[in-house]
Amino acid sequence: MPPSEPWRRVARGVGLLDAAGGVRSTVFAEMTALARRTGALNLGQGFPDDDGPRWMLQAAADAVLGAPHGPPGLNQYPPGPGLPGLRRAVATHQHRHYGLAVDAEREVLVTAGATEAVAAAVLALVCPGDEVVTLEPFYDAYAAVVALAGGVHRTVPLRPGPDGFAVTEADVRAAFSPRTRLVLVNTPHNPTGTVLTTTELGWLAAAAREHDAVVVTDDVYEHLTYDGARHVPLATLPGMAGRTLTVSSAGKSLSVTGWKVGWVHGPEHLVTAVRTVKQFLTYVTPGAFQHAVGLALADDDGRTAAYLDGLRASLVQRRDRLADGVRAAGLVPAPSRGTYFLLADAAPAGFDDGAELCRLLPERAGVVAIPVTAFCHPGSATATALRSWVRFTFVKDVATTTEAVRRLEAAQLSRR
Ligand SMILES: *Cc1c(COP(=O)(O)O)cnc(C)c1O
């Protein structure tokens, strides 16, 4: 049976369509298999070893079981837009952290993770031939869903500099056209670890207003910023709340990536459009997890704030330790002020091809990394510019990170 046209678009969109019309596996799958085969430490995949706060896990367990002689647990379909308690908590959270006024009834939708919120937004708003602007490198799901919608993916390059990765105003302007329909902005940014400044966000906002484009922001790392960097939601910029869908999720902030509790908020007409698609994708996400995340986001007793302080402090320590190991191995790390990720340039060690290095690393150093080209369009100018760069995660537990650093320091990688 021949594959469908949407299937073909997705496979091509993520650069995995091979010459025979089949699909290659992703670099992520290849590297995970390599880690298993060689026993290398997997610093490729970005999910935590440690679970989120114990009391939140307990709240989810209690919500499944219900009271012994009381009401049953939350085990049936929750309301389509999400549990009212979680929607109120999202509104409270956005007001407390960013001063955004959000109507929990009409302007919040709970989704199956940030991934579904982004996918439903793109499918709801992008017509075939419409252009969607993202940063490059980008989270791989963006390219897939833009392709699925029949959209044309345009990108703004993040360029490495002495102070980390950044965008330029000229590059932002060049990515927009009269066909631009949607701008999908991820900050703090995976994979570069960049936290966009208000100036950079201002260029994106101005271009979106000028071309009357809708903005979707992926803020899943909003609480994971370091060294004094602060996340600024694009919706807080002047004139932007009326055209911005803000997406986030419990997965990264609360170390429960498997729960897939996400949300989107924005103007009612845009949220309604997203909901129209979302209700036929997953319909709902489990009520017990929504309930527990709602308690954590509302944070009536400050336990979540304390948890996040501890998580950030621990991630900074692991990041710095990993950067030392990466440097000792002859690579040059870029500053990372957010997310779980550290990028490093392998060119100074004599590797012009990050993908080649990633295939050697498990044998030579006993660790796994991901080439940055996996987050670029094949053959794009950014893919060429970042060909020698690789991504490591520092979200693995302290023992794993320490052992990875020991191995990197012991490895003789440099070809120079
Ligand atoms: C991990 C990640 C996601 C996925 O979030 P879910 O809530 O698990 O769907 C989305 N965007 C970025 C940039 C991520 O790194």
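Computed from a predicted model, the values in this text were never measured in an experiment.
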### Query
Crowded around Arg96 CZ? As in, over 12 foreign heavy atoms under 6.0 Å?
yes
### Task
Give the intermediate values and the outcome of ring pair (Phe, Tyr, Trp, His ring centres under 6.0 Å) for residues Phe138 and His377.
CA-CA 9 Å; Phe138 47 77; His377 282 303; 4.9 Å; yes
#### Entry: Contact summary for Leu100 and Pro233, nearest pair of heavy atoms
CD1-CB, 4.5 Å
### Message
So that I can tick it off, tell me whether Glu210 and Arg173 are bridged by a salt bridge, with the cut-off set at under 4.0 angstrom between side-chain N and carboxylate O.
### Response
yes
### Message
Within the 4.5 Å heavy-atom criterion, are Met240 and Arg209 side-chain neighbours or not?
### Response
yes
### Query
Can any side-chain N or O of Asn75 pair as donor or acceptor with the backbone N or O of Val64 at less than 3.5 Å?
yes
### Query
Measuring from Thr194:OG1 to Arg159:CZ, what's the distance to the nearest 0.5 Å?
13.5 Å
### Summary
What one should report as the nearest heavy-atom pair of Gly294 and Ala89 is O-CB, 3.4 Å
### Message
Donor-acceptor pair, distance only, cut-off 3.5 Å: does the side chain of Gln290 make one with the backbone of Thr285?
### Response
yes
#### Entry: Under-4.0 Å salt bridge between Glu403 and Arg406
yes
### Query
So, are Arg359 and Glu356 salt-bridged, with charged N and O less than 4.0 Å apart?
no
### Query
Are any non-hydrogen side-chain atoms of Trp263 and Leu297 less than 4.5 angstrom apart?
yes
### Query
Are any side-chain N or O atoms of Lys260 and backbone N or O atoms of Ala114, one a donor and one an acceptor, separated by less than 3.5 Å?
no
### Query
In Å, rounded to the nearest 0.5 Å, how long is the span from CG of Asp49 to OG1 of Thr400?
5.0 Å
### Query
Between Glu200 and Thr197, is there a donor-acceptor pair closer than 3.5 Å when you use the side chain of the first and the backbone of the second?
yes
### Task
Determine, using ring centers only, whether His93 and His223 are less than 6.0 Å apart.
yes
### Task
For Ala383 and Thr373, work out which heavy atoms get closest and say how close.
O-CG2, 3.6 Å
### Side-chain donor/acceptor of Asp18 to backbone N/O of Gly22, under 3.5 Å
yes
### Message
With a 6.0 Å cut-off on the ring centroids, do Tyr221 and Tyr340 count as close?
### Response
yes
### Query
Does Trp203 reach the side chain of Asp171, with side-chain heavy atoms less than 4.5 Å apart?
no
### Task
Would you name the heavy atoms of Ser248 and Asp219 that are closest together and state the gap between them?
OG-O, 3.2 Å
### Task
For the pair Arg337 and Asp163, find out whether any cationic side-chain nitrogen is under 4.0 Å from an anionic carboxylate oxygen.
yes
### Task
Answer yes or no: is there a donor N or O on one side and an acceptor on the other, between the side chain of Arg9 and the main chain of Ala147, under 3.5 Å?
yes
### Query
Hey, which of Pro191, Pro157, Ser380 is the one that makes side chain to side chain contact (heavy atoms under 4.5 Å, CB included) with Pro137?
Pro191
#### Entry: Residues Thr339 and His189: side-chain donor-acceptor under 3.5 angstrom
no
#### Entry: Rounded distance (nearest 0.5 Å) linking atom CG of Leu357 with atom CH2 of Trp389
13.0 Å
### Query
So, for Tyr142 and Phe375, is the gap between ring centers shorter than 6.0 Å?
no
### Message
We want to know whether Ser314 and Arg318 form a side-chain donor-acceptor pair, criterion being a heavy-atom distance below 3.5 angstrom.
### Response
yes
### Task
State, with a plain yes or no, whether a side-chain heavy atom of Arg179 is found less than 4.5 Å away from one of Val152.
no
### Message
With a 4.5 Å cut-off on side-chain heavy atoms, are Ser255 and Leu311 touching?
### Response
yes
### Query
Is the ring centre of His97 less than 6.0 Å from the ring centre of His231?
no
### Query
Quick check: does any side chain N or O of Thr304 sit under 3.5 Å from a backbone N or O of Ala296, one acting as donor and the other as acceptor?
yes
#### Entry: Neighbour count above 12 (heavy atom, 6.0 Å) for Glu5 CD
yes
### Candidate pair Thr246 and Gln94, rule side chain to side chain donor-acceptor pair (under 3.5 Å), full reasoning
CA-CA 10 Å; Thr246 302; Gln94 294 303 88; 5.2 Å; no
### Query
So which heavy atom on Ala344 is nearest to which on Val326, and how close?
CB-CG1, 3.5 Å
### Query
Taking Thr393 for the side chain and Gln45 for the main chain, is one N or O donor matched with an acceptor at less than 3.5 Å?
no
### Message
So, taking the atom named CG in Asn190 and the one named NZ in Lys252, what distance separates them when rounded to the nearest 0.5 Å?
### Response
6.5 Å
### Query
Is the NZ or CZ atom of Lys396 positioned over Phe47's six-membered ring, under 6.0 angstrom from the centre and within 45° of the axis?
yes
### Short side-chain to backbone donor-acceptor contact, Thr244 and Val215, under 3.5 Å
no
### Query
Can Arg321 and Asp324 be counted as an ion pair, charged N to O under 4.0 angstrom?
no
### Query
Do Glu268 and Val271 have side-chain heavy atoms sitting under 4.5 Å apart?
no
### Task
Begin from the C-alpha positions of Val23 and Val10 and carry the test side chain to side chain contact (heavy atoms under 4.5 Å, CB included) through to its verdict.
CA-CA 10 Å; Val23 271; Val10 170; over 6 Å; no
### Task
Going by the side chain to side chain contact (heavy atoms under 4.5 Å, CB included) test, name the single residue among Val102, Leu109, Val108 that passes it with Val90.
Val108
### Query
Backbone N or O of Thr192 within a donor-acceptor pair of the Arg391 side chain at under 3.5 Å?
no
### Query
In Å, rounded to the nearest 0.5 Å, how long is the span from CG of Asp345 to CZ of Arg387?
12.0 Å
### Task
Report yes if the side chains of Pro81 and Arg275 come closer than 4.5 Å at any heavy-atom pair, otherwise no.
yes
### Query
With side chains defined as the heavy atoms from C-beta onward, is the minimum distance between Leu386 and Leu158 less than 4.5 Å?
no
### Task
Tell me, yes or no, whether the heavy-atom count around Glu105 atom CD, taken from other residues, nucleotides or ligands under 6.0 Å, exceeds 12.
no
### Message
How about CZ on Arg364, more than 12 heavy atoms from neighbouring residues, nucleotides or ligands closer than 6.0 Å, or not?
### Response
yes
